[in-house]
Amino acid sequence: MNFAIIGASGNVGRKTIEILEKSKIKVDSLFLVASSKSAGKKIKFRNKEIEIESLENYDFSKAKITFFAAGSQIAKNWAQRAAKNTIVIDNSSYFRMQKDIPLVVSEVNPEALNKHNNIISNPNCSTMQMVLVLKPLHDEYKIKRVVVSTYQAVSGAGKAPMDELFDQTKDFLENKKISSKNFTKPIAFNLIPHIDTFEKDGYTKEELKMTNETKKIIDNEIDVTATCVRVPVRTGHSESINIEFDNLYDFENVIRILSNAPGCKVIDERKDGGYITPLEAEGEYTTYISRIRKDNSNVKAINIWVVSDNLLKGAALNTVQIAEHLMKKL
Ligand SMILES: NC(=O)c1ccc[n+]([C@@H]2O[C@H](COP(=O)([O-])OP(=O)(O)OC[C@H]3O[C@@H](n4cnc5c(N)ncnc54)[C@H](OP(=O)(O)O)[C@@H]3O)[C@@H](O)[C@H]2O)c1
C-alpha cells in the first residue's frame with residue numbers, strides 16, 4: 001500500500017512519519033509533500049531517504065491513503081481534488097462539522113467509517129482525549145453536561161509557536177526583550193486564555209470545537225462548556241473535566257469503567273506525584289486519567305484530570321489508526 005503525507009515537514013506530519021515507521025503497516029511507498037520551501041529536503045523513513053515534493057507538483061493518484069497535515073486552507077483548496085484519486089484523512093478543522101464527512105476517533109466511533117466519500121476528518125486534539133474518556137462513561141451513565149478547562153501545549157499550535165516558547169524562555173532568562181509573533185501575549189512564564197479566533201458570544205473557536213465535535217462524535221444531547229488555555233508546555237495537553245450524569249452513579253463502577261476505557265490508563269494514587277503530567281505523557285500513545293474524585297457539590301457529577309500527547313493521540317496517531325481501520329476494508 002502507498003501512503004502520502006501533505007505537510008510532512010510540520011509537527012503532525014513528522015509524527016505521522018514516526019508512527020508509520022514504528023508500526024507494522026506494510027508501506028510500499030511513502031510520498032512526502034510540503035510547501036515549495038521544503039521541496040528537495042530529505043527525511044529518513046525505514047532506512048531510506050525520501051525527498052519532499054512540493055504540493056503544486058504532487059500527483060495524488062500515487063497513494064491509496066493521503067494524510068493531510070497542512071492546515072485548513074490547504075484542506076479547503078486541495079482535499080476535494082485529491083479525494084478523486086486517494087482517501088484523504090485530514091487533521092484540520094475544515095471538514096469536521098460537515099454533515100457527510102465522518103469525524104472519527106478510532107476507539108470511540110469507528111463505525112462512522114462505514115460510509116464516506118474519500119474524505120475522513122480527524123477531531124481536534126482537545127476533543128480527542130476528552131471523548132476517549134466520555135464515551136464509556138456515557139454508555140453506562142448517560143452524560144448530561146461537561147465542564148472542561150484545558151491546559152494546552154504550544155506544539156498544538158504548530159512548529160513555529162513551539163520555537164517561540166523556546167526563544168522567549170531563553171530571552172527571558174538572558175534579560176532580553178521578548179517578542180511575540182505567534183501568540184497574542186508572551187507565552188514563556190505565562191499562560192494565555194485564548195486559542196483560535198473569538199466568536200461574537202465571547203467563546204473562542206477552540207472552545208466551540210470541543211462542544212460541537214463531542215456532540216457529533218458521541219451524542220448531540222451532551223452539553224459541553226469549555227475554557228481553552230495555552231500554557232508554556234512543549235507537548236501534552238491536560239484537561240480538568242467535570243462530568244455530570246443524568247442519574248446517580250456508583251463511584252467504584254466509574255473507576256472500573258475508566259480503568260477499562262480503550263486507549264486510556266488510570267494512574268491515580270492519591271499521593272504526592274501519583275498522577276500524570278504532560279511531560280510524562282509526551283511520546284506516549286496512551287491517554288492518562290488521574291485525580292478521579294466525586295464532585296462534592298453535585299451528587300451526580302465527578303471530576304477527573306486527563307493528559308495526552310496532542311501530536312500523537314491528539315493528531316497523528318488517530319489518523320494512522322483510522323488508516324488501519326480503512327485498510328481492513330480495502
Ligand atoms: N499540532 C497539534 O497538536 C494538532 C493537533 C490536531 C490537529 N492539528 C492540525 O494539523 C494540521 C497541521 O498542524 P501542525 O501543528 O503540524 O502545523 P505545522 O507544524 O505548522 O506544519 C504545517 C505543515 O503544512 C505545510 N504547509 C504549509 N503551507 C503549505 C502550502 N502552501 N503548501 C504545502 N504545504 C504547506 C508546512 O510545510 P513547510 O514546512 O514547507 O512550510 C508544514 O509541513 C493543522 O491543521 C492543525 O490544526 C494539529
Side-chain angles (χ1 to χ4, degrees), residues 4-19 31-43 50-58 60 66-79 81-82 88-96 103-105 119-131 150-166 181-183 195-197 204-206 209-210 213 228 230-231 233-239 278 281-283 287 307-322:
I5 302 172
I6 314 301
S9 55
N11 272 347
V12 175
R14 281 182 180 273
K15 285 293 167 194
T16 312
I17 298 169
E18 274 176 43
I19 293 165
F31 300 98
L32 303 181
V33 182
S35 76
S36 51
K37 190 181 85 195
S38 305
K41 287 184 187 163
K42 288 183 178 156
I43 295 183
I50 302 177
E51 196 170 298
I52 296 182
E53 303 176 49
S54 91
L55 180 57
E56 280 76 16
N57 300 328
Y58 178 67
F60 281 101
T66 302
F67 301 98
F68 268 62
S72 288
Q73 199 56 42
I74 298 293
K76 181 180 176 199
N77 294 347
W78 292 87
R81 219 181 307 175
V88 171
I89 306 175
D90 179 40
N91 277 285
S92 84
S93 60
Y94 184 70
F95 294 105
R96 288 187 194 143
L103 180 65
V104 178
V105 180
I119 300 182
I120 289 126
S121 189
N122 203 39
N124 174 259
C125 39
S126 308
T127 310
M128 192 95 69
Q129 66 188 72
M130 183 170 76
V131 295
T150 69
Y151 306 75
Q152 296 182 221
V154 287
S155 61
K159 196 171 168 302
M162 191 162 77
D163 292 342
E164 185 159 313
L165 171 64
F166 302 149
K181 288 194 206 90
N182 297 283
F183 297 110
I195 299 178
D196 210 332
T197 52
T204 62
K205 271 198 178 149
E206 185 82 354
K209 281 177 211 164
M210 293 192 79
E213 292 178 21
C228 292
R230 187 74 68 194
V231 296
V233 164
R234 182 178 53 194
T235 295
H237 288 355
S238 307
E239 296 177 353
E282 188 175 358
T287 292
V307 186
S308 192
D309 185 317
N310 51 293
L311 297 175
L312 295 178
K313 187 59 198 174
L317 177 62
N318 195 60
T319 60
V320 174
Q321 290 169 325
I322 289 173

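We count ligands from 1, going down the list as the structure has it; atoms in each ligand are counted the same way.
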**Request:** Please work out whether the ring planes of F31 and Y58 are parallel, tilted or perpendicular, with thresholds of 30° and 60°.
**Result:** tilted
**Request:** Run the numbers for me: atoms of ligand 1, each under 4.0 Å from some heavy atom of S92, listed by number.
**Result:**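 Contacts of ligand 1 toward S92, numbered from 1: 45 (O).
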Would you say ligand 1 has an N or O under 3.5 Å from any N or O of [X]?
X	value
L55	no
G7	yes
G10	yes
S155	yes
S35	yes

**Prompt:** So which protein heavy atom does atom 36 (C) of ligand 1 come closest to, and at what separation?
**Reply:**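 Here the nearest protein heavy atom works out to S9 OG, 3.9 Å.
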**Request:** Could you tell me whether E51 and K41 have a side-chain N and a carboxylate O separated by less than 4.0 Å?
**Result:** no
**Non-hydrogen protein atom less than 4.0 angstrom from atom 47 (O) of ligand 1** = no
**Asked** Are any of the protein's heavy atoms under 4.0 angstrom from atom 23 (C) of ligand 1, yes or no?
**Response** yes
**Candidate with minimal heavy-atom separation from atom 29 (C) of ligand 1, of N11, I74, N310** =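 Heavy atom nearest to atom 29 (C) of ligand 1 belongs to I74.
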**Prompt:** Per the side-chain contact (heavy atoms from CB on, under 4.5 Å) rule, which among K209, K205, Q152 passes with I195?
**Reply:** Q152
